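Everything numeric in this text was worked out from a predicted model, so none of it was measured. Scope of the values below: all heavy atoms of this structure, side chains included, with no hydrogens, waters or symmetry mates. Whatever order the structure lists them in is the order used to number ligands and atoms, beginning at 1.
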Amino acid sequence: MRIGRGLESCTSEVQRSPIFHLNGRNVCLIDTPGFDDTGNRPDSEVLKDIAYYICEAYEQHIQLAGVVFIHRISDFRVTGVTRRNMKMFQQLCGNDAMKNVVIVTNMWGYVDKADGELREAELRTKSIFLEEAIKNGARIIRHDNSANSARKIISELLKNDPVTLQIQREMLDQRMDLIDTAAGAELNRELMDQVKMYQKKLEELKKELDGVCKL
Ligand SMILES: Nc1nc2c(ncn2[C@@H]2O[C@H](COP(=O)(O)OP(=O)(O)OP(=O)(O)O)[C@@H](O)[C@H]2O)c(=O)[nH]1
Ligand SMILES: [Mg+2]
């Protein structure tokens with residue numbers, strides 16, 4: 001897979017790894033861009049790409065063994081971007097698929113272990129982060145940046161029965177438009193909030209301008 005060395009995000013499209021063998025199984029990884037990473041592409045485009053890619057796979061009877069969400073434990077604040085990624089990720093998968101989800105924490109080499117453990121506990125127990133995902137069976141696994149640890153994580157996923165994600169059920173079984181799915185609606189809600197906020201700001205600026213003109 002392509003990995004980035006620079007500051008800019010390098011995964012702009014959904015991409016598939018070559019098939020490789022692990023524990024006697026053929027494995028293929030699907031890598032997706034994140035939501036609002038560097039602002040190169042609007043979130044709606046990213047969602048469309050991810051949704052269409054995994055729905056096409058579903059139509060070809062390819063089911064996912066698991067889903068990995070990677071979180072940098074070295075981040076000392078969970079920013080809006082990360083929260084939105086967590087939210088969108090949970091809406092894409094749905095509660096029923098959470099038992100096939102692994103939340104991988106990486107970058108442990110950049111954090112004091114005790115601090116990392118506190119952050120991990122916070123992610124696990126707070127409703128604004130991953131509490132619901134964990135309650136529904138998602139697991140948090142630490143990655144130590146070695147190939148062995150990566151293999152271990154994938155081996156865990158290979159033990160799962162394949163799963164259908166919420167977005168696959170919504171778009172293909174229930175024939176919903178993307179905007180009506182849980183993930184689409186989440187994105188739409190956020191966009192509408194932004195529209196309202198900017199409209200309010202615009203009104204305030206207009207009033208201020210009116211005041212200046214009268215002077
Ligand atoms: N030291 C260290 N480096 C890591 C770890 N995990 C990932 N990296 C490095 O972080 C860099 C970015 O990795 P990517 O896989 O491109 O990250 P990404 O989140 O996919 O980024 P984009 O797709 O570009 O948005 C690479 O140089 C990785 O080798 C870790 O646990 N420790
Ligand atoms: Mg990437």
Enquirer: Considering Met107, Gln15, Arg72, which one's heavy-atom position lies nearest to atom 31 (O) of ligand 1?
Expert: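 The option holding the nearest heavy atom is Met107.
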
Enquirer: State the atoms of ligand 1, each with its element, that fall below the 4.0 Å cut-off from a heavy-atom position in Asn106.
Expert: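 Within the 4.0 Å cut-off of Asn106, ligand 1 contributes 5 (C), 6 (N), 7 (C), 31 (O).
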
Enquirer: Thr11 to ligand 1: N or O pair under 3.5 Å?
Expert: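 Between Thr11 and ligand 1 (N or O atoms, distance only) the closest approach is under 3.5 Å.
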
Enquirer: Measure from the side-chain N and O atoms of Glu186 to the backbone N and O of Lys87, and report whether any donor-acceptor pair falls under 3.5 Å.
Expert: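 No, Glu186 side chain to Lys87 backbone: no donor-acceptor pair under 3.5 Å.
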
Enquirer: Does the Ser149 side chain pair with the main chain of Asp144, one donor and one acceptor, at a distance under 3.5 Å?
Expert: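 Yes; judged by distance alone, with no hydrogens or angles, the pair exists.
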
Enquirer: Would a distance-only check, ignoring hydrogens and angles, find a side-chain to backbone donor-acceptor pair under 3.5 Å from Glu132 to Ser127?
Expert: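 Here the side-chain-to-backbone pair does not exist.
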
Enquirer: Do Glu117 and Arg142 meet the salt-bridge criterion of a basic N to acidic O distance under 4.0 Å?
Expert: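 Counted as a salt bridge, because a side-chain N and a carboxylate O are separated by less than 4.0 Å.
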
Enquirer: I need the single residue from Arg139, Arg151, Lys99 that forms a salt bridge (charged side-chain N to carboxylate O under 4.0 Å, His left out) with Glu156. Which is it?
Expert: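 Of the listed options, the one satisfying the test is Arg139.
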
Enquirer: Is there any N or O on Asn145 that sits under 3.5 Å from an N or O of ligand 1?
Expert: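 Indeed, backbone or side chain, Asn145 has an N or O that close.
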
Enquirer: Near Tyr110, which atoms of ligand 1 are under 4.0 Å from a heavy atom of that residue?
Expert: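 Those atoms are 1 (N), 2 (C).
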
